[in-house]
J.: 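Here's a structure for you.
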Amino acid sequence: MQFKTLSILTAATAALSAPIEARDAQQYSLQASIGPGATGLKPLQLHGNNIVYGLTQGYSDFRAEDDGDIIKLFAAGYPGLSLDVAQDGELTFKSPPEPKEGFTFKGDGNVQDLEFNGSQEFYSCADKILGPLHPQVVYVKTGDKYECENPVKFTIAATKQ
Ligand SMILES: *[C@@H]1O[C@H](CO)[C@@H](O)[C@H](O)[C@H]1NC(C)=O
């Protein structure tokens, strides 16, 4: 608890003392890598309170930025956001941004793999409430089970911008 409070304070202080000029922190676009080739890459999207992919309307594109303790998300029309994971593994986001342990970008090239708690296995399920006609909701697999019967399995490619 002590540590968490401290890191929020540190983040706030860092934000206040950040210079006005453009910062050059690394930004990434995130894509579900579902099949081979470019057509198998589905950009992750914000939709309501979920992170989804495959929508052709009613969504927002976003960029992710690794700020050490926080993975910040930037999307037009949204306030400051940070990437989060619910207890069941569902990928979500928070506002205002909060530190979240467990995320790393793995690899040396322009395209890296998003990892959470040591897992690069992500999957998606039909929305539990809205059903199969709605976009797939994205989860990270950290345990030994999936949250639905027929998950779509993939990794998440993080491409440097
Ligand atoms: C990730 O790891 C942390 C620390 O070990 C644990 O508390 C948390 O439940 C894990 N999250 C998921 C979604 O498995």
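We count ligands from 1, going down the list as the structure has it; atoms in each ligand are counted the same way. In this text, all values refer to a predicted model and were calculated from it rather than measured experimentally.
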J.: What residue and atom, counting heavy atoms only, is the protein's closest point to atom 3 (C) of ligand 1, and at what distance?
T.: N117 ND2, 3.6 Å
J.: Kindly determine whether C125 and Y146 satisfy side-chain contact (heavy atoms from CB on, under 4.5 Å), including the steps that lead there.
T.: CA-CA 9 Å; C125 292; Y146 297 95; 5.7 Å; no
J.: Between K72 and E65, is there a side-chain N and carboxylate O pair less than 4.0 Å apart?
T.: no
J.: Can you check whether a protein heavy atom sits less than 4.0 angstrom from atom 5 (O) of ligand 1?
T.: no
J.: Which ligand 1 atoms, with their elements, are less than 4.0 angstrom from a heavy-atom of T142?
T.: 12 (C), 13 (C), 14 (O)
J.: What are the two closest non-hydrogen atoms of A75 and F62, and how far apart are they?
T.: CB-CB, 3.9 Å
J.: Do you see a protein non-hydrogen atom under 4.0 Å from atom 9 (O) of ligand 1?
T.: yes
J.: Indicate the atoms forming the closest heavy-atom contact of E147 with Y123, along with that distance.
T.: N-OH, 3.0 Å
J.: Looking at Q87, which atoms of ligand 1 are within less than 4.0 Å of one of its heavy atoms?
T.: 9 (O)
J.: Looking only at heavy atoms, what is the nearest atom pair of L83 and K100, with distance?
T.: O-CB, 3.9 Å
J.: Would a 4.0 Å cut-off, counted as strictly less than, catch a protein heavy atom around atom 13 (C) of ligand 1?
T.: yes
